[in-house]
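Beneath this line is the structure, given in structure tokens, with notes to follow.
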Amino acid sequence: MSTLRRTEIASLLKDANINEDVLVKGWVRAFRANRFIALNDGSAFDNVQVVVDFENFDEALLKQISFHSCISVKGKIVESQGSGQSIEIIAEEIEVLGGADSDAYPLQPKKQTLEYLREKAQFRMRTNTFSAVFRIRHAIAYAVNKFYHDHGFYYMHTPIITGSDAEGAGEMFHVTTFKPDTAPRDEDGAVDYKKDFFGKETNLTVSGQLQAEIGALSMGKVYTFGPTFRAENSNTSRHLAEFWMIEPEVAFNDINDNMDLAESFSKYLINYILDNYPSDLAFLEKRILDMEKQLPKEKRRAMPLIETLRFVVDNDFERITYTDAVNLVRSSKPFKKGKFEYDLDWGKDLQAEHERWLVEKKFKKPVIVVDYPKDIKAFYMRANEDGKTVAAMDVLFPGIGEVIGGSQREERHDLLLARMKEMDVSEEELSWYLDLRKFGGCPHAGFGMGFERMVLFITGMSNIRDVIPFPRTPGNAEF
RNA sequence: GCCUCUUUAGCUCAGCUGGUUAGAGCGCCGGACUGUUAAUCCGUAGGUCCUAGGUUCGAGUCCUAGAAGAGGCGCCA
């Protein structure tokens with residue numbers, strides 16, 4: 001081919017010069033009427049249409065232009081005669097870079113289930129749905145960093161391998177270089193971790209929060225954004241064993257500042273995608289609407305995707321205390337009629353069905369619940385004046401539930417120490433954490449946002465395994 | 001960890017209360033078609049009905065166990 005430089009399809013569609021010669025490369029999304037190739041290189045949602053005059057090309061070459069084959073096209077930009085696009089490329093030279101034998105290739109130009117595509121993760125990003133999801137996933141990650149950078153936060157990398165198992169956020173994955181059968185033993189027959197790589201027991205992190213507090217109490221405003229691991233045997237469409245979490249931690253913030261941050265941060269992310277990825281969102285919205293046509297009315301979304309996102313950014317999140325939430329649920333119709341599976345008394349955690357009622361039926365928008373009973377929350381959350389509750393908050397989103405969980409941290413050394421003793425948290429292991437209260441401590445607060453749960457909400461997808469390229473769930477670590 | 005559902009052609013599914021040659025659409029392959037937008041039209045091929053046992057004259061259909069997938073709950077983000 002010539003010395004012409006490749007043009008990305010995104011920039012070609014943005015400002016095309018009629019009659020200009022261009023070189024494009026990408027994957028064939030469709031080859032219609034032996035004449036029209038829909039070509040996509042991932043740079044944008046939209047395809048460029050390549051028009052082929054079959055008399056000018058070898059039949060054997062055209063045969064290789066099959067679904068998802070990779071080709072290079074040199075041609076001239078013209079105004080399109082068809083109605084689906086404004087410009088198109090009249091092909092002059094075509095080279096097949098990588099064929100995709102239709103007989104053996106597992107994907108087809110038709111609807112295939114997300115479950116099937118999940119098993120073909122090496123190819124699923126070539127589909128409209130997954131390329132839209134993963135473009136948006138990227139953009140949300142970018143917006144996370146942009147939001148915090150623009151607000152004067154420092155991005156802090158907390159460790160992925162931790163020596164502490166006191167974080168209390170769930171079951172951990174053990175990290176060791178020992179093989180199970182040959183691990184050295186001490187005199188009592190227990191595995192001797194003093195001889196292991198780190199000289200002690202280590203695990204994959206379940207949260208960067210405790211380390212982020214170190215950052216907050218020195219640099220003021222920090223956030224972590226990294227992979228997090230939970231060895232919980234959770235079989236749901238909202239849990240992953242390996243997921244990404246965003247954890248801001250801010251000195252001098254109280255629980256109300258924390259709620260303000262959680263709300264403005266959530267809205268920023270949604271707005272960023274609304275502003276910058278309209279084609280992808282429109283496609284995802286249409287996909288959901290088509291799919292829901294087969295469902296009874298009560299099982300469909302209350303609002304189409306984009307309208308839902310707009311509604312969330314245009315309205316204040318509802319803020320209620322745990323105590324008020326319990327009273328609301330208990331005086332609700334479904335509760336009185338015994339429609340809920342679980343009972344609810346003050347002191348018990350709100351069940352998913354109760355949260356769903358609050359968010360989807362009562363308020364119809366994100367709800368922040370604050371001031372939970374201390375006995376159902378972690379040791380580091382700040383005790384309230386009433387002696388019964390702590391300054392903890394959960395942000396609940398429609399259709400997903402908890403997307404953010406956070407708190408004002410207990411900055412009073414004696415109260416924290418007493419709470420650790422009560423909850424049997426190792427004082428020795430967390431002496432550094434207690435030091436933050438002993439020396440130069442101050443009120444501070446932070447939260448954790450489940451990144452994939454935010455991606456779920458913004459894309460309107462329903463299974464968390466479809467918003468991460470390579471999902472890790474119980475019994476599954478393919479790719 | 002608990003509960004429920006699903007598994008039939010390459011893909012998406014139908015197959016009623018067990019009954020003899022197992023069905024459709026799409027895809028593939030062959031043919032037609034130079035303005036299509038999941039192109040269309042005609043034709044052909046394609047099945048260890050997830051696996052292993054069992055019940056029965058007879059099992060895709062019933063029973064038991066296992067495997068894989070999905071949904072719900074709990075745990076959480």
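Residue numbering restarts at 1 for every chain, and letters A, B, ... go by the order of the sequence lines. This is a predicted model, so every value here is computed, not measured.
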Evaluate the ring pair (Phe, Tyr, Trp, His ring centres under 6.0 Å) criterion for residues F45(A) and F283(A): first the C-alpha distance (whole Å), next the side-chain angles of each, then the deciding distance (0.1 Å), finally the verdict. CA-CA 9 Å; F45(A) 176 81; F283(A) 174 81; 5.0 Å; yes
Determine the Euclidean distance between corresponding [atom1] atoms of [M] and [N]; express it in Å to zero decimal places.
N: A39(B); M: C3(B); atom1: C1'; value: 47 Å
N: C42(B); M: U48(B); atom1: P; value: 28 Å
N: G60(B); M: G18(B); atom1: C1'; value: 10 Å
N: A45(B); M: A14(B); atom1: P; value: 26 Å
N: C50(B); M: A70(B); atom1: C1'; value: 15 Å
N: C16(B); M: C76(B); atom1: C1'; value: 45 Å

inquiry  = Heavy-atom count check: over 12 atoms from other residues, nucleotides or ligands less than 6.0 Å from K339(A) NZ?
reply    = no
Original post:
Would you say E59(A) has more than 12 foreign heavy atoms packed within less than 6.0 Å of its CD?
Top reply: no
Considering only side-chain heavy atoms of [X], which listed nucleotide, [options], is closest?
X: Q85(A); options: U37(B), C75(B), G74(B); value: U37(B)
X: A30(A); options: A77(B), G35(B), A39(B); value: A39(B)
X: S83(A); options: U37(B), A77(B), G35(B); value: U37(B)
X: T236(A); options: U36(B), C73(B), G69(B); value: C73(B)
X: A33(A); options: G69(B), G30(B), U36(B); value: U36(B)
X: R230(A); options: A39(B), C73(B), C76(B); value: C76(B)
X: N463(A); options: A70(B), C73(B), A77(B); value: A70(B)
X: Y342(A); options: C73(B), C11(B), A70(B); value: C73(B)
X: R32(A); options: A39(B), G30(B), A77(B); value: A39(B)
X: N476(A); options: U36(B), G69(B), G74(B); value: G69(B)

Ignoring backbone atoms, establish whether [X] has a side-chain N or O less than 4.0 Å from OP1 or OP2 of [N].
X: T113(A); N: U12(B); value: yes
X: K63(A); N: G30(B); value: yes
X: N34(A); N: C33(B); value: no
X: R356(A); N: G72(B); value: no
X: R238(A); N: C75(B); value: no

By nearest-heavy-atom nucleotide on RNA chain B, the more 5' of P106(A) and F31(A) is P106(A)
Ranking E55(A) and A241(A) by the position along RNA chain B of their nearest nucleotide, the one closer to 5' is E55(A)
Touch class at under 4.0 angstrom, heavy-atom based, for [X] against every strand present:
X: R465(A); answer: sugar-phosphate
X: G448(A); answer: sugar-phosphate
X: E353(A); answer: nothing
X: Q81(A); answer: base
X: Y105(A); answer: nothing
X: A38(A); answer: nothing
X: E452(A); answer: nothing

Any strand counts, and the cut-off is 3.5 Å on both contacts for Watson-Crick or G-U wobble. Which nucleotide pairs with [N]?
N: C62(B); answer: G54(B)
N: G23(B); answer: C13(B)
N: A39(B); answer: none
N: A67(B); answer: U7(B)

Side chains of [X] and [Y]: donor-acceptor distance under 3.5 Å anywhere?
X: D394(A); Y: Y322(A); result: no
X: R29(A); Y: N128(A); result: yes
X: E88(A); Y: S80(A); result: yes
X: N258(A); Y: N253(A); result: no
X: N384(A); Y: T389(A); result: yes
X: N145(A); Y: Y223(A); result: yes
X: E213(A); Y: Y433(A); result: yes
X: Q108(A); Y: Q112(A); result: no

Notebook entry, point to check: Is there a stack between F36(A) and A39(B), judged by ring centres under 5.5 Å and planes under 30°?
Noted result: no
Can you check whether any acceptor in the base of [N] is under 3.5 Å from a donor in the side chain of [X], or vice versa?
X: S234(A); N: C76(B); result: no
X: S80(A); N: G35(B); result: yes
X: E88(A); N: G35(B); result: yes

Anything under 3.5 Å between a protein N or O and an N or O of nucleotides 24-28 of chain B, put it in a table, one pair a line.
{"unit_1": "G25(B)", "atom_1": "N2", "unit_2": "K110(A)", "atom_2": "NZ", "d": "2.8"}
{"unit_1": "G27(B)", "atom_1": "O4'", "unit_2": "Q108(A)", "atom_2": "OE1", "d": "3.0"}
{"unit_1": "C28(B)", "atom_1": "O2'", "unit_2": "D103(A)", "atom_2": "OD1", "d": "2.7"}

